[in-house]
Amino acid sequence: MDETPILYELADGVATVTLNRPDKLNSFTEAMHAALRAAIDRAEADKARALLLTGAGRGFCAGQDLSDRVTSPGAGPPDLGRTIGEHYNPLVRRLRGLAMPVVCAVNGVAAGAGANIALACDIVLAARSASFLQAFAKIGLVPDSGGTYWLPHLVGTARAMGLAMLAGRLSAEEAERWGLIWKAVDDDKLMAEARAIARELAAGPTMALVAIKRAIHAAESNTLDEQLDHERDVQRALGASHDYAEGVRAFMEKRAAKFAGC
Ligand code: LHQ
């Protein structure tokens with residue numbers, strides 16, 4: 001039995017959340033989903049200014065734990081839509097909507113929903129030995145947790161089709177070359193680099209960083225005209241922020257800005 005399927009730690013404004021079922025490559029059970037929701041709640045309650053998501057052991061996350069998904073003869077079909085509607089979709093929406101930057105350190109294989117939860121994060125780093133695997137077609141399913149959305153948006157239709165239909169492994173370096181992730185990093189430097197990025201973001205102008213995240217997501221469906229209007233409105237609001245005033249003052253005084261996140 002898993003005692004603590006999720007680990008939580010807060011330091012320097014960064015909430016580090018670790019998927020912790022290493023023997024099963026951190027695959028998701030309902031208990032792990034519940035613990036992850038609680039950890040994200042805690043990061044918000046702690047007023048963390050960045051969230052760092054990673055996995056314990058040699059894998060990042062192998063998606064749904066399939067061990068409780070074997071259909072027994074005579075039993076009706078499982079309701080996968082319920083699992084997705086109750087757990088995976090809210091998680092993806094939460095990560096995308098979270099009012100702080102989310103960094104993902106993919107420490108090993110990211111398969112199925114595990115790959116797509118990583119891709120829901122704002123900045124994705126991966127260990128050079130890690131890989132991304134849209135495993136779904138191997139078990140007769142379609143990529144979920146946003147997979148059919150991220151893939152064509154990030155790498156284009158041709159590569160999205162190949163990744164989803166052939167369900168092969170994509171190395172971290174290839175994922176970086178294809179624009180699926182921000183960066184592949186030497187294994188022994190992954191966590192140090194991910195923490196440094198998360199700390200930098202946590203010390204940054206949080207309102208602006210969250211506005212950047214939302215504006216870039218809005219661009220996925222906006223026209224240029226809508227996006228220009230959006231930028232005008234957001235900039236107007238940020239112009240009244242403490243961090244803008246401090247950023248400009250610090251520039252003029254030739255010193256590092258001390259952002260407060262408001
Ligand atoms: C696992 C799993 C796993 C249980 C490794 N479950 N034990 C949403 C809604 C509802 C239903 C369905 O799904 C979804 C979304 C999804 O995520 S569907 C896709 C589910 N995931 C997969 O199909 C991936 C399954 N795993 C694999 O293909 C391999 O394990 C990969 C390629 C990830 C890693 O391969 P290896 O490095 O060779 O490791 P391994 O296969 O030996 O796994 C290590 C252990 O982890 C092993 O347990 P054991 O007791 O034999 O040591 C695996 O059984 C276990 N494990 N994934 N998803």
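Indexing begins at 1, ligand by ligand and atom by atom, following the structure's order. Residues take their numbers from the sequence shown, with the count starting at 1.
E174 has no carboxylate O lying under 4.0 Å from a charged side-chain N of R169, or vice versa, which leaves the two without a salt bridge. One finds a salt bridge joining E220 and R96 here, because a Lys/Arg side-chain nitrogen approaches an Asp/Glu carboxylate oxygen to under 4.0 Å. Between D187 and R58 no salt bridge is recorded (no basic side-chain N to carboxylate O distance below 4.0 Å). Under a 4.0 Å N-O distance rule, the pair R82/E86 qualifies as a salt bridge. The existence of a salt bridge linking K258 and E246 is excluded, since no basic side-chain nitrogen approaches an acidic carboxylate oxygen closer than 4.0 Å.
Within the 4.0 Å heavy-atom shell around ligand 1 one does not find H87. Residue R58 places a heavy atom less than 4.0 Å from ligand 1.
Between T206 and D243 the shortest heavy-atom distance is N-OD2, 4.0 Å. Heavy atoms only, all atoms of each residue included: T148 and P143 are closest at CG2-O, 3.4 Å.
Contact atoms of ligand 1 toward L133: 32 (C) (distance under 4.0 Å to a heavy atom of the residue). For ligand 1, the atoms sitting less than 4.0 Å from at least one non-hydrogen atom of A111 are 33 (C), numbered in the order shown with element in parentheses. Against a heavy-atom cut-off of under 4.0 Å, L141 is close to the following atoms of ligand 1: 12 (C). Each of the following atoms of ligand 1 lies closer than 4.0 Å to a heavy atom of A135: 22 (C), 23 (O), 24 (C). Taking every non-hydrogen atom of D144 and a distance limit under 4.0 Å, the qualifying atoms of ligand 1 come out as 8 (C), 14 (C), 15 (C). Ligand 1 places these atoms under 4.0 Å from at least one heavy atom of G63: 17 (O). Within ligand 1, the atoms closer than 4.0 Å to a non-hydrogen atom of Y88 are 8 (C), 9 (C), numbered from 1 in the order shown.
Every N/O-N/O distance between I139 and ligand 1 stays at or above 3.5 Å. For ligand 1, the polar-atom distance check finds no N/O of L80 at less than 3.5 Å from any of the ligand's N/O atoms. For ligand 1, the polar-atom distance check against A62 finds a nitrogen or oxygen pair separated by under 3.5 Å.
Contacts between S27 and ligand 1 below 4.0 angstrom, taking non-hydrogen atoms only, involve the side chain exclusively. When heavy-atom distances to ligand 1 are checked against a 4.0 Å cut-off, F28 has no atom that comes that close, whether in backbone or side chain. Heavy atoms of D23 found under 4.0 angstrom from ligand 1 belong exclusively to the backbone. Using a 4.0 Å cut-off between heavy atoms, R169 contacts ligand 1 through its side chain alone, with no backbone atom that close.
Linking Ile, Leu, Val, Met, Phe, Trp and Tyr whenever their side-chain heavy atoms come within less than 4.5 Å leaves L180 and I197 in two separate clusters. In terms of hydrophobic clustering, with Ile, Leu, Val, Met, Phe, Trp and Tyr side chains grouped at heavy-atom distances under 4.5 Å, L201 and I216 are assigned to a common cluster.
Ring planes of F28 and H33: parallel class, angle under 30° (limits at 30 and 60°).
Checked by atom type, the side-chain pair N20/T18 shows no donor-acceptor distance below 3.5 Å.
Considering Q64, K24, E86 only, the shortest heavy-atom separation from atom 48 (O) of ligand 1 involves K24. Residue nearest to atom 25 (C) of ligand 1, selected from I117, N116, I84, L66: L66 (by heavy-atom distance).
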